[in-house]
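So that the names make sense, note that chain A is the first sequence line, chain B the second, and so on, each numbered from 1.
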Amino acid sequence: MSENSAPETHNTGPASGETALPKGYEPADVEARWGRHWEENKTFTPDPQDVLSGKKEPFSIVIPPPNVTGALHMGHALDLTVQDILCRFMRQQGKSVLWVPGTDHAGIATQNVVERQLKKEGKKRDDLGREKFIERVWDWKKEYGDRILNQIRSLGASVDWDSLRFTMDEGLSRAVREVFVRLYGEGLIYKGNYIVNWCNRCHTALADDEVEHAPKKGKLYRIRYAFAGGPLPDGTAELIVATTRPETLLGDVAVAVHPEDERYANAVGRKVILPIVGTELPVIADAYVDREFGTGCLKITPAHDMNDWALSKKHNLPVITVIDDRGFMNENAPAAYRGMPSAACREKIVADLDAAGLLVDVTDHDHSVGECYRCKSVIEPHVSEQWFVKVAPLAKAAREAVPAQTQIFPPNWEKTYFEWLDNIRDWCISRQIWWGHRIPAWTCEACGEMIVQAEDPADLAHGCPKCGGALKQEDDVLDTWFSSALWPFSTMGWPGEKGKPAPKLQAYYPTSVLVTGFDIIFFWVARMMMMGIHFMGEVPFKHVYLHALVRDEQGKKMSKSTGNAIDPLAMTAKYGTDALRFTLASFAAMGRDIKLSEKRIEGYRHFVNKIWNSARFALMNLPGEPKATLVEAMGATQDAPLANRWILHRLEEVKDEVESASLEYRFNDIAQSLYRFIWNEFCDWYVEMAKADLYGPEGPAKEATRRVLLTVLSETMVLLHPVMPFVTQEIWSVLPGIPAENDGKELALAPYPVRRPQCRDEQAARDMAFFQGVVGSVRTIRTELTIDPAKKLPLIVDTADAMDSAQAVLNANAHLIAQLARIESADIGPGKTGPRASGTAVVEGARLFVPLKGIVDFGAEVARLDKELGKLDKQLTALRGKLAAPGFAGHAPADIVAAENEKLAGLVDARAKLAELQERLKGALAEG
RNA sequence: GGGCGGAUAGCUCAGCUGGAAGAGCAUCGGCCUUACAAGCCGGAGGUCACAGGUUCGAGCCCUGUUCCGCCUACCA
């Protein structure tokens, strides 16, 4: 990037006071500016040579391509946030990061959108013809296809826009053909006449997993099928068959019973008369039939039921299709029903059966019905000519790669993945639509020869190589998921030129991790595994991180139709992108659904603002700070003030926490660790303590604190940057004293903060806890006894029995206690004692006295101490019980026993001291 | 039918390999203390669904039960 292209950073509003930053954080402008900057400077476009030359390790992610017709929803927002956190973190770790963005062409959905558009013009796709229609779809794509990409931009996703791909791109289309042709050649793709899931509305076949099952209230009809040639010898006149779809009986070819069902033993081998139609059907026996269900008699309709289809193959039964591919009764139906929609036919059939006395009864029956996952209309099993992938061999390899080559996080999803692969059926990949990758197969209209090849039809101009006859290409296109399955390598340039593998592919395949929702583990994850292994010889990703689904506050799946969706773009407009991202990260605990509430986003906007203001504070107090003034320049820290030592110590711990959480996909831990550190430690305590130095006279103390303040703030911005890229970058760009090696660069390219082992300081942590205890005790006394907050109080501390460093800590920080607890004078030393009429507390063995006489009615303090004593007693009882329990001392590890005993001693001591102090107080009270 | 997950403060959720229950929001009280009222200080609020078990010790491990989700499946 060039120096002078750095965005203006001070134009979000008029400067207030001495600071360069406006008083409140205003995200809109900041986000727009930095988003543009990143893209214009190609900040996130990596150089594959860095990897190929061995200079850097690769880290790569391919985006789960959103549907080109889609709009960004909360699920995308979570998915992108997680990926962006990983990518930005890995850049900090020095990796060469490639994040490939793109969209898929969503065959059925996109075609539906354009058909709807046509409908408004009073046209159908057939009016245009295939070519014109496809042109129309491309027009649509040009106009609206970037919408979701722009929404991805607005979330701050650090993708490489130079790598942008679309599944219908030239290169990706070549990959699709190449794969199709090779699989066909290997016998793994075949064409055949089979029963498939059929959507009448979309007018196409669907794969098994594109059918969603929804419970529906239906009816169960019981119908009489009389025996041909009159009753059986035992007098049985008929079989009663139960069905939910009476209209399909027109296509019945048999009735089946269980072979061991004694009720029907005599019936097997006989014939029954198909009602209405009048043909004779064989009664067959098959163990598939459930004796418990209905009457135990199953009518067999191979053309309109998946299971019946299977039985018909097994028993060599004919297939009679009576409903066509639009849902109307066809020429095989008796004339009375021909041409009727199947629903109307059902009514008529039922009425006719009833009139003929063949309907036994109709009962309510709840069952699950398949729906089209795109348009929600009912799926009909339908016999037709389709193309299939023979999946079993591919599935086997995909299965065996987990977890050895690919690890799934959280691992409990492995089971689901295995389950699906183990029971997989062949994959129907042909779709009877126009928008998509047309199947690269041509049939000779003269001799029927089929040619499958990747080259364009131009090469086939000479006609059929066998007989010279005219060639006709397949009308069908491929399932969108067929091209999505190739995404991890097709986007990186596969298959590329002969003998010249694409550098991107070489550098970044296999990808590091796939981040997606568990709902497409079948559609997509498993299929990418199959294709990646088969064509690249290597799994497509080393890790799969499956995150939860975002639900509404009631736990319902968010969807536009139910109107419960929280629009991520509305949220970013209202609260800022960083607030939304932080919210999603903090919710992203593994293996849990996310119930998002707007309140939570609002809460984190406050956090963003808090960060912003802490930066304003720092800037006000670091005027003209020269470069390279980070803490390294300070020398040894042992003699430094407690606050500085403590915050630097904590910073080291936070570096560890954030790093390990990032590597282990514990996004909520990243968020929690930083939240606590920034707000509850840095802002609430460190900044307040630093004020004493910062507002004090120039000198070494002030200088040191300025350096620590700057160090902690700037390194915190780096740690927080992957989660909140915008506010951190904005602050970073105005902070002075950025380390020389990063000066002038973008925060997004700054390395992870170095570790400073010399700043580890457990003693400082203990001392700080003591200090906080003292300040807290005084504050509690003040508030509980309703002492005027402005009133300054004296404080006496007896350090005789206190922790070793207590005296030193209090002496060194007396001025801070005064400031934070509003103390006018502190008298500290072993054996010091306050008046009997004092508010009191015990902290780490130190006795605190806040004289109350003349300030407030101190009777309330007796009651307050009762409450404190009560708490201590509760703890004591529990702890004594634990220690006295038989076996504790013997069984528990020695260090635990020691620690518990120490705790007990501390509690006993505190309780005794507090009780004694209360007695003194009571004495004072009695005297009045 | 099979599988997975959940039940922790009023609400939404954390709680890693078992060692004295946490956050945000809401609530109560007090503060415009010159970074921040999108703020500060303090308080209250939980027999961690129920019943057993393992253990010196269980929110965490085991068994069972009751609710609630989700995925999956060929009972017409």
If a pair satisfies salt bridge (Lys or Arg N to Asp or Glu O under 4.0 Å) and one of its residues is in residues 291-314 of chain A, list it, with sequence neighbours excluded. Asp252(A)-Lys299(A), Asp286(A)-Lys314(A)
What pairs meet the salt bridge (Lys or Arg N to Asp or Glu O under 4.0 Å) rule with one or both residues in residues 877-895 of chain A, with sequence neighbours excluded? Lys882(A)-Glu900(A)
Give the residues of residues 241-248 of chain A touching RNA chain B, defined as any heavy atom closer than 4.0 Å, sorted by residue number. Ala242(A), Thr243(A), Thr244(A)
Is there a residue in residues 302-314 of chain A whose heavy atoms reach under 4.0 Å of RNA chain B, and which residues are they? Asn307(A)
Would you kindly check if the NZ (Lys) or CZ (Arg) of Arg399(A) is within the cone defined by 45 degrees around the ring axis of Tyr417(A) and under 6.0 Å from the six-membered ring centre? no
Give the table of side-chain donor-acceptor pairs shorter than 3.5 Å for residues 771-780 of chain A, with sequence neighbours excluded, one pair per line with atom names and distance.
unit_1    : atom_1 : unit_2    : atom_2 : d
Ser777(A) : OG     : Gly773(A) : O      : 2.8
Arg779(A) : NE     : Leu820(A) : O      : 3.2
Arg779(A) : NH2    : Leu820(A) : O      : 3.3
Thr780(A) : OG1    : Gly776(A) : O      : 2.9

With pairs defined as Watson-Crick or G-U wobble and both distances under 3.5 angstrom, please note down RNA chain B as a dot-bracket string, | for pairing with another strand. (((((((..((((.....[..)))).(((((.......))))).....(((((..]....))))))))))))....
Suppose we screen for ring-ring contact (aromatic ring centres under 6.0 Å, His included). Which residues come up paired with [X], at least two apart in sequence or across chains?
X	value
Phe682(A)	Tyr686(A)
Tyr373(A)	Phe523(A)
Phe726(A)	Trp38(A)
His213(A)	none

Show the distances under 3.5 angstrom between N or O atoms of the protein and N or O atoms of nucleotides 53-59 of chain B.
unit_1  : atom_1 : unit_2    : atom_2 : d
rC56(B) : OP1    : His891(A) : NE2    : 2.9
rC56(B) : O4'    : Gly887(A) : O      : 3.4

Sort me out a list of protein N/O and nucleotides 25-33 of chain B N/O pairs below 3.5 Å, or just none if empty.
none

